[in-house]
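Right, one structure below, let's go through it.
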Amino acid sequence: MRLAKLAFLAMVGTALAVPAALPQPAAAQWLGPTLDAQRHDNLRRHQQRIRAERLKKSSPSRHARACARRYPSYNPRTDRYVVRRGVTARCRL
């Protein structure tokens, strides 16, 4: 009885492992050369956007630097600082 259970579990485990081992088609095979090129261009543009956003975040403007020096609670994304609890104001420097 125990041997039958082990054999059954081994068979089920093998059956489950087989679909994962099947090779997946490459993107160019099922997309075609035109759509694959468009996909590559979209990826390149997305990476350029991410790079540009990182550069913007790494080098704040003179206005943002001045506000951050003057107001410790300054948030450059919103251009606001905390006046008192629950009240914010726009930095006008």
For Y74, the ring-ring contact (aromatic ring centres under 6.0 Å, His included) test, sequence neighbours excluded, returns none
Where the side chain of T88 meets the backbone of Y81, is there a donor-acceptor pair that is under 3.5 Å apart? no
Heavy-atom side-chain proximity of [X] to [Y] below 4.5 angstrom:
X	Y	result
D36	H40	no
R80	C91	no
R90	D79	yes

Just wondering, are more than 12 heavy atoms of other shown residues or ligands nearer than 6.0 Å to CZ in R62? no
Looking at every heavy atom in both H63 and L93, which two are closest together, and how far apart are they? ND1-O, 2.9 Å
Euclidean distance, Q48 CD relative to R45 CZ, rounded to 0.5 Å: 8.5 Å
